[in-house]
Amino acid sequence: MAVSLKSSGSFCSTPPQWLHSTRDRILYGYSHSNAKECTCKKTKRPAPLCVKATSTKVELDFNDPSWKQKFQEDWDKRFNLPRITDIYDLKPRPTTFSLKKNRSPAGDENGTPMDKWNGYVNSDDRALLKVIKYSSPNSAGAECIDPDCSWVEQWVHRAGPRKEIYYEPEEVKAAIVTCGGLCPGLNDVIRQIVFTLETYGVKNIVGIPFGYRGFFEKGLKEMPLSRHLVENINLAGGSFLGVSRGGAKTSEIVDSIQARRIDMLFVLGGNGTHAGANAIHEECRKRKLKVSVVAVPKTIDNDILLMDKTFGFDTAVEEAQRAINSAYIEARSAYHGIGLVKLMGRSSGFIAMHASLSSGQVDVCLIPEVPFTLDGEYGVLRHLEHLLKTKGFCVVCVAEAAGQELLQKSGATDASGNVILSDIGVHMQQKIKMHFKDIGVPADVKYIDPTYMVRACRANASDAILCTVLGQNAVHGAFAGFSGITSCICNTHYVYLPITEVITAPKRVNPNSRMWHRCLTSTGQPDFH
Ligand SMILES: Nc1ncnc2c1ncn2[C@@H]1O[C@H](COP(=O)(O)OP(=O)(O)O)[C@@H](O)[C@H]1O
Ligand SMILES: O=P(O)(O)OC[C@H]1O[C@](O)(COP(=O)(O)O)[C@@H](O)[C@@H]1O
Ligand SMILES: [Mg+2]
C-alpha cells in the first residue's frame with residue numbers, strides 16, 4: 001500500500017513502514033482510544049467497536065466498492081479548516097515571521113534565499129490521525145470504520161507557520177481569554193501567544209479578564225500584554241488573566257469583540273469553551289467580521305476528542321500520583337490499612353487511570369466508563385476483604401465521576417451547565433468503614449481527596465513543552481487566516497482541527513483499549529459486576 005501526500009507543491013509517495021505487533025500492524029506511534037461502542041447499523045454485521053463518525057453527513061454502504069473514496073471525500077470536507085477567505089476575498093502577503101532575524105533580507109548567511117528556507121509549513125501538509133492497522137474488529141481496542149476493519153487514511157492539517165499571511169501585524173489587535181476551571185500551563189500558553197504575536201510584529205495585545213465574563217461584565221477592563229509583562233508568568237500556576245464559568249452570551253461577546261476591534265481571539269479552555277469559541281466564530285462569520293478565533297485545548301480531564309492529550313493533563317497526573325503515594329504509605333503502615341483516593345475528571349477516568357498506572361501502587365481503580373458494584377459476591381468490598389486477608393492493606397483510586405449511578409443525584413449544575421457530581425469518595429469511605437464494622441474485621445481507612453491540588457500548580461516539563469508549541473501554533477493558525485480551529489497534538493504531531501469535530505461529545509476511556517487493559521494488568525483487579 002502506498003500513501004500520497006501532497007507537500008511543498010509536489011506529490012511525494014511514501015510507503016507506510018509497518019512495524020509488526022502480533023497480529024495488527026502499527027505505523028509508528030500509538031492508537032487513540034476515543035472509539036465508542038456502536039453497531040454498524042447499515043450492514044448489521046458484527047463490528048464490536050466502530051468509530052462513531054462524529055459529524056459524517058454521508059451514510060456509507062460498505063457493499064459499494066467506492067465506499068472508501070466516499071468516506072475520504074467526506075473526511076476531507078469535515079476536516080477542512082474554516083478560513084476568513086471563505087467569506088472575504090483577501091490577498092495574502094509574505095509572512096513577517098522568520099527565525100532568521102538580523103540577517104540580510106535576501107538570504108541567510110550561507111546565501112540561501114529566504115524563499116528556499118524550509119522553515120514554513122505548506123498548507124497541503126497533512127498528518128495521519130490514526131496509525132494502527134487492525135487486522136480484525138476483534139483486535140484489542142480496534143477502531144473500525146467498516147465491518148472488516150479496513151485501513152483508511154485519515155489525514156488532518158499540519159500546524160505551523162505559513163509563508164503567506166492574511167493580516168498586517170501592525171494593524172492587528174489580538175486578545176487572549178482563559179475559560180473554565182484552572183489547568184496547569186495556562187500561563188505558559190498565554191506567554192507563548194504573546195511572544196509569537198510580537199515576533200510577527202503585533203503591538204496591540206490584550207488579555208480579557210475572567211473568561212468570557214470579561215467580555216460583558218461591567219468593570220472588568222482588558223489587560224494590555226507584552227513580552228515584558230508575561231516574561232515570567234509561567235513560573236506560577238493558575239491563570240494570569242483569571243478564569244470563570246458560565247455567563248457566555250455569544251451575541252454580547254461578539255458585540256464586545258466588534259466594539260473593541262479585535263482581529264484575533266485566542267481562547268484557552270475545555271469542551272464548553274470550545275463550544276463557545278465555535279459559536280463566536282460562527283457569529284463573526286454571520287456578521288462578516290474579519291476575526292480569527294483560535295482555540296487551545298485546556299483541561300486536566302483530557303476529555304477532548306481526537307487529540308493525544310490536552311495540556312495540563314500530564315501535570316495533573318503527576319500531582320495525583322503523589323496523593324496515591326501518600327495513601328499507599330498510610331495504608332502500608334496501618335494495620336489493615338485501606339488507602340482511598342478520589343481524583344478529578346468530570347466525565348472521564350483518564351486522570352484516575354493514568355495516575356494508577358504511574359504510581360503502580362493501586363489495587364483497585366474505578367472509572368465512570370466501567371460500571372461496578374460495591375456490595376455482593378463480585379463487589380468491590382468483597383475484593384477489599386480479600387486484599388486485606390492476602391496482603392494486609394490495599395489502595396483504591398476512584399474517579400470523581402465513577403459510580404454515580406450508586407448515588408443520589410442532586411440535579412444541580414454549575415454556572416456553565418455542567419452537572420455537579422455526587423461525592424463518590426465520601427460515599428465509598430463510609431461504605432468501606434461500615435462494611436468492615438459489620439463483618440467484624442478491623443480496617444483503618446485513610447481517605448485523601450486532593451481536589452484542586454492537582455490543577456492549581458505549575459506545568460511540569462512535558463506540559464510546558466506542549467503549551468509552548470500549541471501557543472505558538474495558535475498564532476501561526478490565526479495569521480494563516482484560519483478561524484474556528486483548535487491547535488492540538490494528534491498522533492505525536494502538531495495539527496489544527498476544526499472545532500466542530502472535537503466538541504460532539506466528551507472523550508472517554510475506552511474500556512476495550514489496551515491502556516485500560518494495561519491498568520487492569522497493573523492493579524490485578526477483577527470485574528466488579
Ligand atoms: N455550548 C456552549 N456554547 C457556548 N458557550 C459555552 C457552552 N458550554 C459552555 N460554554 C461557556 O464556556 C465557558 C467554559 O465552559 P466550562 O464548561 O465551564 O469549562 P471548560 O471549557 O473547561 O469545559 C463558560 O463561560 C461557559 O458559559
Ligand atoms: O470546582 P470547579 O472549578 O467547577 O471544577 C471542577 C471540575 O473542573 C475540572 O477540574 C476540569 O474541568 P474543566 O476542564 O471543564 O474546566 C474537573 O475535573 C472538575 O470536575
Ligand atoms: Mg469541561
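Order of appearance sets the numbers: ligands from 1, and atoms from 1 within every ligand. Just so we're clear, the structure is a prediction, and the values are computed from it rather than from any experiment.
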Ligand-side contact atoms (ligand 2) for residue partner [X], heavy atom cut-off under 4.0 Å:
{"X": "Lys298", "answer": "13 (P), 14 (O), 16 (O)"}
{"X": "Gly345", "answer": "18 (O)"}
{"X": "Tyr452", "answer": "1 (O), 2 (P)"}

Identify the closest protein heavy atom to [atom]: which residue and atom is it, and at what distance?
{"atom": "atom 4 (O) of ligand 2", "answer": "Arg245 NE, 2.9 Å"}
{"atom": "atom 18 (O) of ligand 2", "answer": "Asp301 OD1, 2.6 Å"}
{"atom": "atom 6 (C) of ligand 2", "answer": "Arg455 NH1, 3.7 Å"}
{"atom": "atom 16 (O) of ligand 2", "answer": "Gly181 N, 2.8 Å"}
{"atom": "atom 15 (O) of ligand 2", "answer": "Arg346 NH2, 3.3 Å"}
{"atom": "atom 14 (O) of ligand 2", "answer": "Thr299 OG1, 2.6 Å"}

> Is there a side chain to side chain contact (heavy atoms under 4.5 Å, CB included) between Thr299 and Asp303 once you walk through the steps?
Replying inline: CA-CA 7 Å; Thr299 172; Asp303 61 352; 3.4 Å; yes

> Do His529 and Phe372 make the cut of ring centroids closer than 6.0 angstrom?
Replying inline: no

>> Taking the six-membered ring for Trp, are Phe313 and His354 closer than 6.0 Å centroid to centroid?
In response: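 Yes, the ring of Phe313 comes within the 6.0 Å limit of the ring of His354, centre to centre.
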
> By side chain to side chain donor-acceptor pair (under 3.5 Å), which residues pair with Asp363, not counting sequence neighbours?
Replying inline: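 With neighbours one apart ignored, the set is Lys391.
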
Do any nitrogen or oxygen atoms of [X] come within less than 3.5 Å of a nitrogen or oxygen of ligand 2?
{"X": "Met344", "result": "no"}
{"X": "Glu400", "result": "yes"}
{"X": "Ile300", "result": "no"}
{"X": "Asp414", "result": "no"}

> Cut-off 3.5 Å, side chains only: do Asp314 and Ser462 have a donor facing an acceptor?
Replying inline: yes

For residues 209-216, dump all side-chain donor-acceptor pairs below 3.5 Å to protein atoms at least two apart in sequence or in another chain.
unit_1, atom_1, unit_2, atom_2, d
Tyr212, OH, Thr273, O, 2.7
Tyr212, OH, Ala277, N, 3.1
Arg213, NH1, Glu217, OE1, 3.1

> Any donor and acceptor pair, going by atom type alone, linking the side chain of Ser416 with main-chain N or O of Asn418 inside 3.5 Å?
Replying inline: no

>> If we ignore hydrogens and angles and just use 3.5 Å, is the side chain of Tyr496 paired with the main-chain N or O of Ala474 as donor and acceptor?
In response: no

>> Please output the residues near ligand 1 using a strict heavy-atom distance under 4.0 Å, listed in chain and residue-number order.
In response: Gly180, Tyr212, Arg245, Gly246, Gly247, Ala248, Gly270, Asn271, Gly272, Thr273, Ala275, Gly276, Lys298, Ser416, Asn418

>> Determine whether Asn491 and Asp308 satisfy the following criterion, side-chain hydrogen bond (donor to acceptor under 3.5 Å, both in side chains), listing intermediate values before the conclusion.
In response: CA-CA 6 Å; Asn491 173 30; Asp308 296 357; over 6 Å; no

> What pairs with Phe479 under ring pair (Phe, Tyr, Trp, His ring centres under 6.0 Å), at least two apart in sequence or on another chain?
Replying inline: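 Partners of Phe479 under the ring pair (Phe, Tyr, Trp, His ring centres under 6.0 Å) test: Tyr200.
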
> Under a 4.0 Å N-O cut-off, is there an ion pair linking Arg287 with Glu282?
Replying inline: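 Salt bridge: no.
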
